[in-house]
Amino acid sequence: MEEAKLDYVLVPMGILLMAMYHCWLLFALFKYPRTTVIGLNAESRHQWVHAMMTDPLKNGVLAVQTIRNNIMASTLLATTAITLSSLISVFVSSTSNSGNTASQLVYGNKSSIVSSVKYFTILLCFLVAFLCNVQSIRYYAHVSFLATLPTSMDKKECIEYVARNLNRGSIFWSLGLRAFYVSFPLFLWIFGPIPMFVCCFMMCFVLYFLDTTSSFTRHLHTQSFKEGTKTDDVESGV
């Protein structure tokens with residue numbers, strides 16, 4: 001196969017591999033949520049909101065500190081994403097003005113159009129990460145006010161609303177972090193389609209172990225949920 005045509009074969013195959021994996025993850029998240037880390041953490045956050053809002057005078061400080069830590073983490077990722085986007089923009093503009101020549105390390109298509117597409121996809125990936133983390137900060141900031149409101153167990157609609165907003169913020173956090181993961185194979189695409197395809201293949205295996213849960217973890221979470229429910233029932237009965 002000609003060197004210039006490798007990008008037209010390996011790059012779509014790598015992107016298709018990542019897309020198939022995320023389609024499977026989305027199916028497992030909706031069909032079997034407890035087999036995924038995202039679904040299990042969403043259930044844990046739901047129980048955490050119930051525990052915090054049943055006694056806001058006692059747990060209010062803990063809830064605000066926990067949400068503040070999440071806001072700081074999202075702020076760090078958002079700042080990193082927009083900084084990298086600015087650096088890539090400056091680099092592309094400087095190389096285009098100086099007439100950049102193709103590096104000898106690149107084995108693949110070395111045309112200027114393909115090079116521009118490479119940098120544009122990385123830039124787009126970091127911009128998506130920035131927007132997702134900004135939305136995550138938005139939801140976390142909203143929850144930080146709602147979580148400290150005095151709410152009784154009879155008003156479960158308010159607790160469900162707060163838990164739903166907290167999970168939405170966490171979903172945007174996961175999407176922003178996933179954009180950083182996807183940026184690795186796109187960055188390696190600069191050095192050719194072969195490193196990019198190999199990175200996509202390895203990334204799917206790494207993400208599989210990061211996104212799925214073991215039977216021990218599911219049993220541990222289920223046991224903690226049952227114990228928390230029993231404690232709430234005893235307190236309400238007293």
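Owing to the predicted nature of the structure, the values given are computational and were not obtained by experimental measurement.
- The CD1 atom of Ile38 lies 5.5 Å from the CG atom of Leu29; values are rounded to the nearest 0.5 Å.
- A donor-acceptor pair under 3.5 Å is formed between the side chain of His22 and the backbone N or O of Met18.
- Residues Met20 and Val9 do not share a hydrophobic cluster, clusters being chains of Ile/Leu/Val/Met/Phe/Trp/Tyr side chains in contact below 4.5 Å.
- Note on Val134: it does not cluster hydrophobically with Ile171, by side-chain heavy-atom contacts below 4.5 Å among ILVMFWY residues.
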Before you tell me yes or no, could you show the steps for Thr212 and Thr36 under side-chain contact (heavy atoms from CB on, under 4.5 Å), namely the whole-Å CA-CA distance, both residues' side-chain angles and the distance that decides it to 0.1 Å?
CA-CA 4 Å; Thr212 56; Thr36 63; 5.6 Å; no
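- Rounded to the nearest 0.5 Å, atoms CG (Leu87) and CD1 (Ile122) are 12.5 Å apart.
- Ring orientation note: the planes of Phe187 and Phe191 are nearly perpendicular, at an angle over 60° on the 30°/60° scale.
- Using a 4.5 Å cut-off on side-chain heavy atoms (C-beta onward), Asp7 and Lys118 make contact.
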Checking Val128 against Cys132 for the side-chain contact (heavy atoms from CB on, under 4.5 Å) test, could you report, in this order, the C-alpha distance in whole Å, the side-chain angles of both residues, the deciding distance, and whether it holds?
CA-CA 6 Å; Val128 170; Cys132 288; 4.1 Å; yes
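- In this structure, Tyr140 OH and Arg168 CZ are separated by 13.5 Å, a value rounded to the nearest 0.5 Å.
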Hey, mind stepping through Thr80 and Phe126 against side-chain contact (heavy atoms from CB on, under 4.5 Å) and telling me if it holds?
CA-CA 9 Å; Thr80 304; Phe126 285 128; over 6 Å; no
Let me see the working for His46 and Glu160 under side-chain contact (heavy atoms from CB on, under 4.5 Å), right down to the final yes or no.
CA-CA 8 Å; His46 189 273; Glu160 293 293 332; 2.8 Å; yes
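- Within a 6.0 Å radius of CD1 in Ile113, no more than 12 heavy atoms belonging to other residues, nucleotides or ligands are found.
- Shortest non-hydrogen contact noted between Leu186 and Cys125 is CD1-CB, 4.0 Å.
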Let me check something: any side-chain donor-acceptor pairs from residues 194-208 under 3.5 Å, sequence neighbours excluded? List them with distances.
none

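- Annotation for Ile67 and Ala147: closest pair CD1-CB, 4.2 Å, computed over non-hydrogen atoms.
- Heavy atoms of other residues, nucleotides or ligands lying less than 6.0 angstrom from CZ of Phe180 number more than 12.
- In terms of hydrophobic clustering, with Ile, Leu, Val, Met, Phe, Trp and Tyr side chains grouped at heavy-atom distances under 4.5 Å, Trp48 and Val37 are assigned to different clusters.
- Pairing each heavy atom of Ala78 with each of Asn133, the nearest pair is CB-CB, 3.8 Å.
- Partners of Arg45 under the side chain to side chain donor-acceptor pair (under 3.5 Å) rule, at least two apart in sequence or in another chain, are Asn167, Ser170.
- Applying the salt bridge (Lys or Arg N to Asp or Glu O under 4.0 Å) criterion to Arg178, with sequence neighbours excluded, gives Asp211.
- Partners of Thr213 under the side chain to side chain donor-acceptor pair (under 3.5 Å) rule, at least two apart in sequence or in another chain, are Arg218.
- Rounding to the nearest 0.5 angstrom, the gap separating the CD1 atom in Ile137 from the CG atom in Leu77 is 9.0 Å.
- With sequence neighbours excluded, no residue forms a side chain to side chain donor-acceptor pair (under 3.5 Å) with Tyr139.
- Here Gln135 contributes atom CD and Leu175 contributes atom CG; the two are 11.0 Å apart, rounded to the nearest 0.5 Å.
- Residues in residues 65-74 take part in these side-chain hydrogen bond (donor to acceptor under 3.5 Å, both in side chains) pairs, two or more places apart or across chains: Ser74-Ser136.
- In this structure, Thr79 and Thr83 approach most closely via the heavy-atom pair O-OG1, 2.6 Å.
- Annotation for Met52 and Leu62: closest pair CE-CD2, 4.0 Å, computed over non-hydrogen atoms.
- Nearest approach of Ser144 to Val64, heavy atoms of both residues: O-CG2, 4.2 Å.
- Here the straight-line distance linking atom CZ of Arg34 with atom CG of Leu40 works out to 7.0 Å at 0.5 Å rounding.
- At a threshold of 4.5 Å between side-chain heavy atoms, the hydrophobic network of Ile, Leu, Val, Met, Phe, Trp and Tyr places Leu16 and Phe27 in two separate groups.
- Residues Phe184 and Leu17 are members of separate hydrophobic clusters, defined by side-chain heavy-atom contacts under 4.5 angstrom among Ile, Leu, Val, Met, Phe, Trp and Tyr.
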